[in-house]
Amino acid sequence: HPPLFDKIRESLRKQLNKIKESIYNEKKHKGNLRHIIIRQGMNTNQVLVIFVTRTHSINPLLYKFLPNLFPNIVSIIQNVNPERTNRILGKENIILYGKNYYQEKILDKTFNISASAFFQVNVDQAKKMVNIIKEYLVSAHRLLDLYCGVGFFAIMLSELAKKVIGIEINADAIHDAQKNAQLNNINNIEFIASSVENVIQDYKDIDTIILDPPRKGCSEKLLTNIIRMRPEKIIYISCNPATFARDLVIFQKYRYRLDKYHLIDMFPQTYHVESIAKIVAQ
């Protein structure tokens, strides 16, 4: 992670020793400050800081000094998570300072990324991913991007398709995606805030699918509907090779084959790798 993160973290540690802000105890479900999250646009140097709290209360002394000390900070967000859970983020975000997003630039595209929206952390490797997927894709008529997030792949690949449809359950991410399409002057994309399992059956005449599911992979319902659509190409992006292999076996049962495959090392010196596969109808 960037050296700046260590400086911000150390300044917050010192400040926490000076002020009264109780630290959350997961076992007792008491205390307030649960997590501190720092995100940075590696090509913009914009920084977003998130304080995850159990209650709506937060001591202003915890964060008000940060923008003066670190001018790169463009946004400070309080995320409220009152649940007895080890899930990090709650459902409510409150702007404490600046905007509700930071920006990242990849190749010739700019992205707004809000606090709860997913974005690839290793942007250098994300560039490689895009270039590999462009080679796999070549062109598409109607491209369906499932689990599209803030529209990263949909926007990066929009010039290769006549029509792109992105689906994502996170409403904040879809709001970002719509803004990002406007920001990059792209007019052939439609973004929909919904569970992919709930709306996948509504689409026909899809020749290409971009599939980037969470670590658990695809549900049986989603796989069944994709196979029923019979797209010519499926580009499957996976952060978990085990669930990818499981899903690939199902595709192969229904006359699909693995055509091309790459591994991208997303977090060196850890076991985390990103799989990129081109699966084609036989």
Side-chain angles (χ1 to χ4, degrees), residues 87 89 91 111-120 126 129-130 133 136-137 140-158 160-181 186 188-256 258 266 274-281:
R87 186 181 175 94
L89 291 175
K91 295 178 181 178
F111 296 90
N112 291 352
I113 307 157
S114 59
S116 56
F118 171 80
F119 199 80
Q120 295 290 350
M129 289 172 65
V130 168
I133 293 168
Y136 286 3
L137 184 61
H141 181 66
R142 282 171 59 82
L143 172 64
L144 192 59
D145 183 8
L146 304 180
Y147 306 100
C148 68
V150 299
F152 175 59
F153 290 120
I155 287 168
M156 299 303 288
L157 302 171
S158 60
L160 300 179
K162 188 171 182 180
K163 173 72 175 180
V164 182
I165 302 159
I167 303 172
E168 165 65 49
I169 195 169
N170 185 322
D172 289 339
I174 286 294
H175 177 75
D176 288 346
Q178 291 165 342
K179 290 288 185 184
N180 290 333
I186 296 170
N188 64 335
I189 300 181
E190 177 187 358
F191 288 111
I192 294 145
S194 178
S195 162
V196 295
E197 285 85 0
N198 290 345
V199 297
I200 183 71
Q201 66 275 5
D202 297 340
Y203 294 94
K204 297 177 181 178
D205 302 321
I206 300 294
D207 59 302
T208 305
I209 290 179
I210 302 286
L211 193 53
D212 188 10
R215 292 188 65 78
K216 64 182 179 180
C218 299
S219 68
E220 185 177 342
K221 179 181 178 182
L222 177 60
L223 289 171
T224 300
N225 277 296
I226 289 173
I227 290 163
R228 189 179 296 136
M229 292 167 71
R230 201 64 187 166
E232 296 169 16
K233 281 180 284 192
I234 300 164
I235 297 174
Y236 193 138
I237 303 146
S238 171
C239 58
N240 185 348
T243 54
F244 164 73
R246 178 201 69 198
D247 293 346
L248 179 62
V249 168
I250 295 171
F251 281 122
Q252 288 176 328
K253 283 182 182 177
Y254 293 91
R255 295 186 297 114
Y256 279 91
L258 180 63
M266 295 304 285
E274 203 85 2
S275 304
I276 309 173
K278 181 182 178 182
I279 302 167
V280 296

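Given the structure is predicted, the values throughout are model-derived calculations rather than measurements.
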Can you name the nearest heavy-atom pair linking Arg246 to Cys218, along with the distance? NH2-O, 3.4 Å
So do the side chains of Tyr256 and Arg230 get within less than 4.5 Å of each other, counting heavy atoms only? yes
State which residues pass ring pair (Phe, Tyr, Trp, His ring centres under 6.0 Å) with Phe152; sequence neighbours excluded, sorted by chain then number. Phe111, Phe119
Applying side chain to side chain donor-acceptor pair (under 3.5 Å), name anything that partners Ser158, two or more places apart in sequence or on another chain. none
Glu232: which residues meet the salt bridge (charged side-chain N to carboxylate O under 4.0 Å, His left out) condition with it, sequence neighbours left out? none
Non-neighbouring partners of Lys162 that pass salt bridge (charged side-chain N to carboxylate O under 4.0 Å, His left out), sequence neighbours left out: none
List in chain and number order the residues that pass ring pair (Phe, Tyr, Trp, His ring centres under 6.0 Å) with Tyr147, two or more places apart in sequence or in another chain; answer none if no residue qualifies. none
In terms of heavy-atom contacts, Ala161 and Leu143 come closest through CB-CB, 4.1 Å
Arg215 atom CZ, over 12 foreign heavy atoms within 6.0 Å: yes
What's the separation between atom CG in Leu248 and atom CG in Leu223, rounded to the nearest 0.5 Å? 10.5 Å
Once ring pair (Phe, Tyr, Trp, His ring centres under 6.0 Å) is applied, do any residues pair with Tyr236, and if so which ones, sequence neighbours excluded? Phe244
For Val196 and Lys221, what are the C-alpha separation, side-chain angles and deciding distance, and is it a side chain to side chain contact (heavy atoms under 4.5 Å, CB included)? CA-CA 10 Å; Val196 295; Lys221 179 181 178 182; over 6 Å; no
Kindly compute the distance separating CD1 (Ile235) from OH (Tyr136), expressed to the nearest 0.5 Å. 8.5 Å
To the nearest 0.5 Å, what is the distance between CG (Leu222) and CG (Leu211)? 6.0 Å
Check: Ala115 main-chain N/O paired with Asp172 side-chain donor or acceptor under 3.5 Å: no
Between CZ on residue Arg142 and CE on residue Met229, distance to nearest 0.5 Å: 8.5 Å
Which atoms form the tightest heavy-atom contact between Ser238 and Pro241, and what is the distance? OG-N, 4.1 Å
If the condition is side chain to side chain donor-acceptor pair (under 3.5 Å), which residues does Thr243 pass it with, not counting sequence neighbours? none
Quick one: side chain to side chain donor-acceptor pair (under 3.5 Å) partners of Asn225, sequence neighbours excluded? Arg228
Contacts of type salt bridge (charged side-chain N to carboxylate O under 4.0 Å, His left out), residue Lys278, not counting sequence neighbours: Asp259
Does the Asp176 side chain pair with the main chain of Val150, one donor and one acceptor, at a distance under 3.5 Å? no
Compare every heavy atom of Cys148 with every heavy atom of Phe191, then report the nearest pair and how far apart it is. CD2-SG, 3.8 Å
Quick check against the 3.5 Å criterion: does Asp145 have a side-chain atom that pairs as donor or acceptor with the backbone of Val164? no
Hey, are the side chains of Ile237 and Phe153 touching, using non-hydrogen atoms and a 4.5 Å cut-off? yes
Check Thr208 against Ala140 and note the closest heavy-atom contact, atom names and distance. OG1-CB, 3.6 Å
Mind checking whether Ile226 and Pro231 have side chains closer than 4.5 Å, heavy atoms only? yes
Nearest 0.5 Å please: distance from the CE atom of Met156 over to the CG atom of Asn180. 11.5 Å
Taking side chain to side chain donor-acceptor pair (under 3.5 Å) as the test, write out the residues that go with Thr224, two or more places apart. none
Let me confirm one number: the OG-CD1 distance from Ser195 to Ile167, rounded to the nearest 0.5 Å. 9.0 Å
Might you point out which heavy atoms bring Ala126 and Gln120 nearest each other, and give the distance in Å? CB-CB, 4.0 Å
Could you give me the CA-CA distance, side-chain angles and deciding distance for Ile200 and Leu144, then say whether side chain to side chain contact (heavy atoms under 4.5 Å, CB included) is met? CA-CA 9 Å; Ile200 183 71; Leu144 192 59; 3.6 Å; yes
Inter- and intrachain pairs under salt bridge (charged side-chain N to carboxylate O under 4.0 Å, His left out), touching residues 189-210, at least two apart: Lys163-Glu190
Show me the pairs that pass ring pair (Phe, Tyr, Trp, His ring centres under 6.0 Å) and involve residues 192-231, at least two apart or across chains. none
